[in-house]
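Everything below concerns the one structure shown next.
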Amino acid sequence: MKAVVFHGIGDIRLDTVPDPELLEDTDAIVRLTASAICGTDLHFVRGTMEAVKPGTILGHEGVGVVERLGPAVRNLNLGDRVVIPSTIACGYCAYCRAGYYAQCDNANPNGRDAGTAFYGGPQATGPFDGLQAELARIPFANVNLVKIPDGVSDEQALMLSDIFPTGYFGADLAGIKPGHTVAVFGCGPVGQFAIASARLMGAGRIFAVDAVPDRLAMARAQGAEAVDFNAEDPVACIRGLTGGIGTDCAIDAVGVDAVHAHDGPAAVDSAAMEHEARQTAPNARPDQEGNWVPGDAPSQALQWAVQALAKAGTLAIIGVYPPNDRTFPIGEAMNKNLTVRMGNCNHRKYVPPLMELVRTGAIDPAAILTRQEPLTGAVDAYKAFDRRQPGWIKVELAPAR
């Protein structure tokens, strides 16, 4: 089969690889009908998050059709259309039973304290081959596959694999109540769904902070108040528009470096520069020109979020940060009595209820999808997505049918 394979920092290729096999009685094999590129994938290509094993198939978002089933999978049939939640869980440990699927005791082969298991990630996450491929092996398939009902398209369901649940998770962590004022830092795909989720929860006002024009336009189309951080100080702007008070809630949806508009070479071309910078200074970050420079300050988005929040506000952090990041503006946060909540999304908890919202027409998540490219064009799609070229907010990859 064809798959997008990681070979090293800045080196991904479309390779022909062996078809996956059933390894456990609880496995399934799914033929992918659609997958997607996520900003998290760029961290692996750049080396921001290291230790991806060469030969790993990338990607953690996918929908498809069940092609093979292990004998212990009793709730699915061959031919079922399914969405694949991007984090992997057993479904029966104490954490899964409590809804903390991202902290499953059994899914990660590295042990119960190894952290979240997901597809197409570093060694510490499994590793499990990913979903930017024609076929994928799904462990604990009775839990890690969710049937797609009639009336929900592949494109709509694909957004439920990761980014819609993650955006909703961020809004949930932020404790948004009807009438609350919310600031979302980073208006990529997850940020757009954080905005949509804040609206579903009844937020009174939503500020959308970014610098990429088509992202801000999409946020404005959702009813958010756009703040271009390249044109104005976002903290001063938000505090000015809230009578000096600030927001009740803030969501960091960008991660360590995505707040910087990236107009230079794509990660596939220039990852070595970033990797070298991080080897000498783990907290290196891009400057406004996209050059990687040493630094030990907290993420700019985190600083802005803490400063823009009202006293006793709540900060939700769902952006991807590498394990070696040790900085946070804890003094400012403490002096304002802020509540800080963060983590990896418990996707399996959120997929079923969000699927029902889609089925009933309460929301159309496919509106976020802006590009559909063949799997054979994945490397070029990665480059365009990384450069944040106009129209490349969210990219679907379609395997050959």
Side-chain angles (χ1 to χ4, degrees), residues 30-39 59-66 75-77 79-87 89 99 101-102 118-119 131 136 138 141-174 176 178 182 184 187-203 206 208 215 218-219 221-224 251 253 318 345-372 393-398:
V30 171
R31 179 169 294 280
L32 276 298
T33 55
S35 60
I37 301 174
C38 179
H60 54 266
E61 299 172 273
V63 297
V65 176
V66 176
N75 60 338
L76 296 167
N77 294 301
D80 281 346
R81 295 173 61 232
V82 289
V83 60
I84 307 167
S86 63
T87 49
Y101 293 95
F118 62 92
Y119 303 96
L131 308 180
I138 309 301
N142 62 306
V143 173
N144 295 308
L145 294 175
V146 178
K147 291 182 184 180
I148 303 172
D150 292 341
V152 176
S153 70
D154 279 5
E155 287 70 26
Q156 290 173 318
L158 181 60
M159 302 298 101
L160 291 168
S161 182
D162 177 19
I163 57 174
F164 188 4
T166 301
Y168 194 93
F169 173 63
D172 194 12
L173 288 179
I176 296 171
V182 182
V184 177
C187 299
V190 171
Q192 297 293 338
F193 277 116
I195 293 168
S197 300
R199 290 178 61 235
L200 287 171
M201 294 177 183
I206 305 168
R215 291 180 174 185
M218 182 177 284
Q222 292 201 69
I251 302 171
I318 54 173
C345 180
N346 304 300
H347 292 90
R348 187 56 177 79
K349 173 182 178 180
Y350 294 102
V351 172
L354 294 180
M355 183 78 79
E356 183 63 12
L357 290 179
V358 176
R359 187 191 68 80
T360 59
I363 187 170
D364 179 12
I368 302 295
L369 188 61
T370 56
R371 298 287 301 197
Q372 294 174 301
I393 292 177
K394 187 61 180 176
V395 185
E396 175 189 343
L397 297 176

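A donor-acceptor pair under 3.5 Å is formed between the side chain of Thr370 and the backbone N or O of Ile393. Checked by atom type and distance alone, the side chain of Lys394 pairs as donor or acceptor with a backbone atom of Ile37 at under 3.5 Å. Between the side chain of Asp364 and the backbone N or O of Ala366 there is at least one donor-acceptor pair closer than 3.5 Å. A distance-only check finds no donor-acceptor pair linking the side chain of Thr87 to the backbone of Phe118 [under 3.5 Å]. Judged purely by atom type and a 3.5 angstrom limit, Arg348 has no side-chain atom pairing as donor or acceptor with the backbone of Val146. Judged by distance alone, with hydrogens and angles left aside, the side-chain atoms of Thr360 form a donor-acceptor pair with the main-chain N or O of Leu357 at under 3.5 Å.
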Residues Glu155, Gln372; criterion side chain to side chain contact (heavy atoms under 4.5 Å, CB included); working and verdict: CA-CA 10 Å; Glu155 287 70 26; Gln372 294 174 301; 3.4 Å; yes
message: For Val82 and Val30: C-alpha separation, side-chain torsions, deciding distance, then whether side chain to side chain contact (heavy atoms under 4.5 Å, CB included) applies.
response: CA-CA 8 Å; Val82 289; Val30 171; 4.2 Å; yes
task: Begin from the C-alpha positions of Val65 and Asp80 and carry the test side chain to side chain contact (heavy atoms under 4.5 Å, CB included) through to its verdict.
output: CA-CA 6 Å; Val65 176; Asp80 281 346; over 6 Å; no
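Taking the side chain as every heavy atom from C-beta outward, Thr166 and His347 approach each other to under 4.5 Å. Using a 4.5 Å cut-off on side-chain heavy atoms (C-beta onward), Ile84 and Ile138 make contact. Residues Cys38 and His60 meet the side-chain proximity criterion, which asks for heavy atoms closer than 4.5 Å. For the pair Asn77 and Val66, the minimum side-chain heavy-atom distance is 4.5 Å or more. The closest side-chain heavy-atom distance from Leu158 to Glu396 is below 4.5 Å. Between Pro165 and Leu354, the closest side-chain pair of non-hydrogen atoms falls below 4.5 Å. For the pair Val351 and Phe164, the minimum side-chain heavy-atom distance is 4.5 Å or more.
Remark: Asn75 pairs with no residue by the side-chain hydrogen bond (donor to acceptor under 3.5 Å, both in side chains) rule, at least two apart or across chains.
Val83 and Ala157 make their closest contact through CG2-O, 3.3 Å (heavy atoms, listed as atom of the first residue, atom of the second, distance).
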Return a table of donor-acceptor pairs under 3.5 angstrom between the side chains of residues 188-197 and protein atoms on other chains or two or more places apart.
from, atom 1, to, atom 2, distance (Å)
Gln192, OE1, Gln222, NE2, 3.0
Gln192, NE2, Cys187, O, 2.8
Gln192, NE2, Arg215, O, 3.0
Ser197, OG, Tyr168, N, 3.4
Ser197, OG, Phe193, O, 2.7

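How far CD1 of Ile363 is from CG of Leu200: 5.0 Å, rounded to the nearest 0.5 Å.
Applying the side chain to side chain contact (heavy atoms under 4.5 Å, CB included) test between Glu61 and each of Leu160, Leu131, Ile163 identifies Ile163 as the sole match.
Here side-chain hydrogen bond (donor to acceptor under 3.5 Å, both in side chains) pairs that include residues 141-150, with residues two or more places apart or in two chains, number zero.
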